[in-house]
Amino acid sequence: VEIVPSTSSLLSPSLEEYLNQSQAFSSPSSQRVTKETSEIMASLPPPPMQYVKNDLTASAFAPDNELPSPPPSPLLSPLQSHSAVAKPRAHHITSRSGTDLFHITISKLKTSFTTKIAADESCKFEVDRFFPSILLEKGRLNVDDFNKFIYEKTKSGKWNLVHLKLSSIEGNSNMNSYKKFYKEYEALGRLTMIQVSDTTKMFLVTPKFLRVCKCLSGVENLSKSSTYVVVLTKDKLIEKSY
C-alpha cells in the first residue's frame, strides 16, 4: 500500500464530485454513500505530523546550532563557593585622622617622604586607624640586633607582630627622598625604628634586608623590591574574620 500525504489524492475527480453532490441530499442512498465514504476515510493513514514549536519539539527537532544551552554543571559550585570566600587583595590602610597618606621623617638624614601603607593577605589583624599619619624616626639598629629584639619580645606571647609594606610613593620629590633613605641605610647596614607609642614600635625593612630578617621568613608572596613595615605592639588588635 502506498502511503500518500493527503486524502484528496485517493479520490478520482468523478468520485469527489459525486460526494460533493451527495452531501446535499438526505435520502437513504446518500446515507449509504456517506457510510462508504467514512469507511474509506478510516482506512487512510493519518496526515503527516505538523511541526509545533513548543519546548519538547524545539529540543527534539531544532538544528544542532539551535539546541538550548544546557544548565550549569553542578561541578562548578565548589569553585564558586571557594571564590566567594577567597582572601581579599592588599588594601591601603587609613590613619587615625582618616587619611591613607603617611608622612615619614628620617631624622638622621633630615629627609622625609609621603607614602601609603598596604596590608596584604599575610596581615591577619585589622590596623585601620591604628597609626598616626605623622611618623618620626626615633632610632636605628643593625639586622642582628633587630632579629634578637623581635625574638625576645614575641616569645613571651605578650606582643603582636604585624607585617605591612610601603606602597604608592608618588611624585619625584617623594621618590628621591625615599631612595636616599633606603640606599644610605642599606649601605650603613641599619634599619630605622619609629616609636608610635610606649607599646607600639615600627621598623622599616628595606629590600636588601628582607631575606635576613627572620620575622619575614613566613610572609606569603614576599615582594623582594618593597620596603616592609614590621610593627611590634602590646596593644590588643582585632583579628580579621576570614
Side-chain angles (χ1 to χ4, degrees), residues 89-123 125 127-154 159-233 235:
R89 295 183 177 181
H91 76 282
H92 293 126
I93 67 172
T94 56
S95 68
R96 292 172 186 168
S97 60
T99 180
D100 62 356
L101 295 175
F102 294 84
H103 189 76
I104 300 176
T105 298
I106 308 300
S107 304
K108 180 177 176 60
L109 302 180
K110 297 180 180 180
T111 189
S112 61
F113 56 91
T114 300
T115 180
K116 294 182 180 181
I117 298 177
D120 59 19
E121 65 273 8
S122 66
C123 179
F125 296 106
V127 290
D128 281 319
R129 296 183 176 271
F130 184 71
F131 307 105
S133 58
I134 305 298
L135 301 170
L136 180 65
E137 178 192 49
K138 290 294 185 180
R140 293 156 294 280
L141 68 170
N142 61 45
V143 175
D144 290 338
D145 289 340
F146 170 76
N147 284 331
K148 187 182 299 183
F149 181 77
I150 295 295
Y151 173 76
E152 291 295 331
K153 292 295 184 182
T154 55
W159 293 76
N160 290 317
L161 198 63
V162 181
H163 304 122
L164 308 167
K165 62 183 177 182
L166 300 187
S167 172
S168 211
I169 301 175
E170 299 179 351
N172 291 334
S173 177
N174 273 327
M175 185 56 69
N176 289 338
S177 295
Y178 166 70
K179 287 181 177 179
K180 178 182 179 181
F181 150 67
Y182 86 76
K183 287 181 178 180
E184 292 203 25
Y185 270 54
E186 286 183 347
L188 294 171
R190 293 292 185 269
L191 305 178
T192 187
M193 182 187 74
I194 297 170
Q195 184 88 14
V196 177
S197 67
D198 292 339
T199 55
T200 301
K201 294 175 173 58
M202 178 186 288
F203 303 88
L204 301 185
V205 182
T206 53
K208 181 179 179 179
F209 304 124
L210 294 180
R211 292 184 178 181
V212 292
C213 288
K214 296 179 181 180
C215 65
L216 295 174
S217 60
V219 175
E220 298 177 3
N221 303 318
L222 190 71
S223 175
K224 298 178 182 179
S225 61
S226 298
T227 291
Y228 274 74
V229 181
V230 176
V231 179
L232 191 65
T233 182
D235 296 342

Quiz item: Which atom pair, heavy atoms only, marks the closest approach of Phe209 to Gly189?
Solution: CZ-CA, 3.7 Å
Quiz item: Between Phe102 and Thr114, does a side chain to side chain contact (heavy atoms under 4.5 Å, CB included) hold up when you go through it step by step?
Solution: CA-CA 6 Å; Phe102 294 84; Thr114 300; over 6 Å; no
Exercise. Check Ser167 against Thr115 and note the closest heavy-atom contact, atom names and distance.
Key: O-OG1, 3.1 Å
Quiz item: Does the side chain of Ser97 pick up a donor-acceptor pair with the side chain of Ser95 at under 3.5 Å?
Solution: yes
Quiz item: Within a strict 4.5 Å, meaning less than it, do heavy atoms of the Val143 and Lys148 side chains meet?
Solution: no
Practice problem: Answer yes or no: is there a donor N or O on one side and an acceptor on the other, between the side chain of Arg96 and the main chain of Phe130, under 3.5 Å? | Solution: yes
Exercise. Any chance you could lay out the side chain to side chain donor-acceptor pair (under 3.5 Å) test for Ser133 and His103, step after step, and finish with the verdict?
Key: CA-CA 6 Å; Ser133 58; His103 189 76; over 6 Å; no
Quiz prompt | For Leu210 against Ser223, the heavy-atom pair lying closest together | solution = CD1-O, 3.2 Å
Quiz item: For the side chain of Asn147 and the backbone of Lys214, is there at least one donor-acceptor N/O pair under 3.5 Å apart?
Solution: yes
Practice problem: Look at the side chain of Asp145 and the backbone N and O of Leu141, then say whether any donor-acceptor pair between them is shorter than 3.5 Å. | Solution: no
Practice problem: Could you tell me whether the side chain of Tyr185 reaches within less than 4.5 Å of the side chain of Leu191, counting heavy atoms only? | Solution: no
Exercise. Check whether any side-chain N or O of Thr105 sits under 3.5 Å from a backbone N or O of Ser107 as a donor-acceptor pair, and report yes or no.
Key: no
Self-check item: Side-chain donor or acceptor of Asp100 paired with backbone N/O of His92 under 3.5 Å
Solution: no
Exercise. Take Asn160 and Leu232 through the side chain to side chain contact (heavy atoms under 4.5 Å, CB included) test and state the conclusion after the steps.
Key: CA-CA 6 Å; Asn160 290 317; Leu232 191 65; over 6 Å; no
Exercise. Test Phe203 against every option in Val231, Ile150, Val229 by the side-chain contact (heavy atoms from CB on, under 4.5 Å) rule and name the one that passes.
Key: Ile150
Quiz item: Is there a donor-acceptor contact under 3.5 Å from the side chain of Ser177 to the main chain of Thr111?
Solution: no
Quiz item: Short question: side chain of Thr206, backbone of Tyr182 - any donor-acceptor pair under 3.5 Å?
Solution: no
Quiz prompt | Atom pair CZ (Arg140) and CZ (Arg190), whose distance is rounded to the nearest 0.5 Å | solution = 9.0 Å
Exercise. Determine, stepwise, if the pair Asn172 / Asn174 fulfils side chain to side chain contact (heavy atoms under 4.5 Å, CB included).
Key: CA-CA 6 Å; Asn172 291 334; Asn174 273 327; over 6 Å; no
Quiz prompt | Euclidean distance, Leu136 CG relative to Met202 CE, rounded to 0.5 Å | solution = 12.0 Å
Self-check item: From Val162, Ile117, Thr233, residue fulfilling side-chain contact (heavy atoms from CB on, under 4.5 Å) relative to Val127
Solution: Val162
Quiz item: Say you draw a straight line from CG of Leu222 to NZ of Lys224; how long is it, rounded to the nearest 0.5 Å?
Solution: 8.0 Å
Quiz item: Would a 4.5 Å heavy-atom cut-off, applied to side chains only, mark Glu186 and Pro207 as touching?
Solution: yes
Practice problem: Search all heavy atoms of Phe131 against all heavy atoms of Leu164 and return the closest pair with its distance. | Solution: CE1-CD1, 3.8 Å
Quiz prompt | Whether Glu137 side chain and Ile194 backbone form a donor-acceptor pair below 3.5 Å | solution = no
Exercise. Considering non-hydrogen atoms only, spot the tightest contact between His163 and Cys215 and give its length.
Key: NE2-O, 3.0 Å
Practice problem: Could you tell me whether the side chain of Asp128 reaches within less than 4.5 Å of the side chain of His91, counting heavy atoms only? | Solution: yes
Practice problem: Please test Met193 against Phe146 for side chain to side chain contact (heavy atoms under 4.5 Å, CB included), starting from the C-alpha separation and ending with a verdict. | Solution: CA-CA 10 Å; Met193 182 187 74; Phe146 170 76; over 6 Å; no
Quiz item: Just checking, any donor-acceptor pair under 3.5 angstrom between side chains of Thr227 and Tyr178?
Solution: yes
Quiz item: Just wondering, do Val196 and Pro132 contact through their side chains at under 4.5 Å, heavy atoms?
Solution: yes
Quiz item: Would a 4.5 Å heavy-atom cut-off, applied to side chains only, mark Phe113 and Asn176 as touching?
Solution: no
Quiz prompt | Minimum heavy-atom distance Leu161-Phe125, with the two atoms named | solution = O-CE1, 3.9 Å
